[in-house]
Amino acid sequence: AQSVSQHNHHVILSEAASLELGCNYSYGGTVNLFWYVQYPGQHLQLLLKYFSGDPLVKGIKGFEAEFIKSKFSFNLRKPSVQWSDTAEYFCAVNNASGGYNKLIFGAGTRLAVHP
Amino acid sequence: EAGVVQSPRYKIIEKKQPVAFWCNPISGHNTLYWYRQNLGQGPELLIRYENEEAVDDSQLPKDRFSAERLKGVDSTLKIQPAELGDSAVYLCASSLKYSGMSTDTQYFGPGTRLTVL
């Protein structure tokens, strides 16, 4: 069965610090990969996604993620965080050959950015 | 464009009581998902509809949970009777899915936070 691991449950950073959130998945086949974000008091929204092609994916608000197939990883990065990036971040995967988008989510990482 | 609408936003009930959640997906979206998110965890799929057909309900606890999507638009998720362990956030999501594809973007609603006392 597929599973997703997000190793950092809580991350605290100062503004302008660089961010990297880890995401590893367990599945031997072809996957689609997603990062969702949930800002305080708001609903889950898509940050970026990878289906195929360039393994470095750029999303909204300056975020990017790199798919490293050999490491089963899809880490999220941002070179300089802002206070407004305070949120919970979820990595998710699905089986690209499954015929539909059954997302398997990680447990999430809570990011707090201090001014 | 209006997003996914869910109601109620919060619900507190006593155990053994019934409860129902309602979801109105984004207009034109043919696929609707219900997820449960326990505290400190990511969402887990309960049931998926393509139009009015439940095509994946393998994770739905069928002894107490039921769902319907009449006319392929709005959907209702029901729990009867509720148990203490059902306390969670229940999320609805919708997408426009093309046949055989797994790349559709799911748009989530704000969720219903259920507390069972």
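Residue numbers begin at 1 in each chain, while the letters A, B, ... track the order of the sequences.
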Item to check | B:L96 atom CG, over 12 foreign heavy atoms within 6.0 Å | outcome: yes

Item to check | Flag if over 12 foreign heavy atoms under 6.0 Å of OH, B:Y10 | outcome: no

Checklist outcome for this item: chain A shares the most heavy-atom pairs under 4.5 Å, among B:A93, B:S95, B:G42, with B:G42

Checklist entry - Is it the side chain or the backbone of B:D56 that comes within 4.5 Å of chain A heavy atoms, both, or neither? => result side chain

Next on the checklist: Could you see if A:L47 belongs to whatever hydrophobic cluster contains A:L44? Use Ile, Leu, Val, Met, Phe, Trp, Tyr and a side-chain cutoff under 4.5 Å.
Outcome noted: no

Checklist entry - According to a 4.5 Å side-chain heavy-atom criterion applied to Ile, Leu, Val, Met, Phe, Trp and Tyr, with indirect links allowed, do A:L21 and A:Y25 form part of one hydrophobic cluster? => result yes

Next on the checklist: What's the separation between atom CG in B:L45 and atom NZ in A:K102, rounded to the nearest 0.5 Å?
Outcome noted: 6.0 Å

Item to check | Residue among A:L46, A:N94, A:L103 satisfying side-chain contact (heavy atoms from CB on, under 4.5 Å) with B:Q106 | outcome: A:L103

Next on the checklist: With side-chain contact (heavy atoms from CB on, under 4.5 Å) as the criterion, how do B:Q41 and A:F90 come out once you've worked through the C-alpha distance, each side chain's angles and the decisive distance to 0.1 Å?
Outcome noted: CA-CA 9 Å; B:Q41 299 181 23; A:F90 293 90; over 6 Å; no

Checklist entry - Is B:V4 reachable from B:V73 through a run of I, L, V, M, F, W or Y residues, each pair having side-chain heavy atoms under 4.5 Å apart? => result no

Next on the checklist: What's the separation between atom OH in B:Y107 and atom CD in A:Q45, rounded to the nearest 0.5 Å?
Outcome noted: 11.0 Å

Checklist entry - Nearest 0.5 Å, what's the CG-CZ distance between B:L91 and A:F105? => result 8.5 Å

Checklist entry - Side-chain contact, heavy-atom cut-off 4.5 Å: A:H43 with B:C92? => result no

Checklist entry - So if you build clusters from Ile, Leu, Val, Met, Phe, Trp, Tyr with side-chain heavy-atom gaps below 4.5 Å, do B:I79 and B:I47 land together? => result yes

Checklist entry - So which part of B:Q6 gets closer than 4.5 Å to some heavy atom of chain A, the side chain, the backbone, both or neither? => result neither

Checklist entry - Should we count NZ of A:K69 as having more than 12 external heavy atoms under 6.0 Å? => result no

Checklist outcome for this item: Honestly, the part of B:Y98 sitting under 4.5 Å from a heavy atom of chain A is neither

Checklist outcome for this item: Pair count under 4.5 Å, heavy atoms only, with chain A: among B:P43, B:P110, B:G109, highest is B:P43

Checklist entry - Do other residues, nucleotides or ligands put more than 12 heavy atoms under 6.0 Å from the CG atom of B:L84? => result yes

Next on the checklist: Between B:F108 and A:Q42, is there a side-chain heavy-atom distance shorter than 4.5 Å?
Outcome noted: no

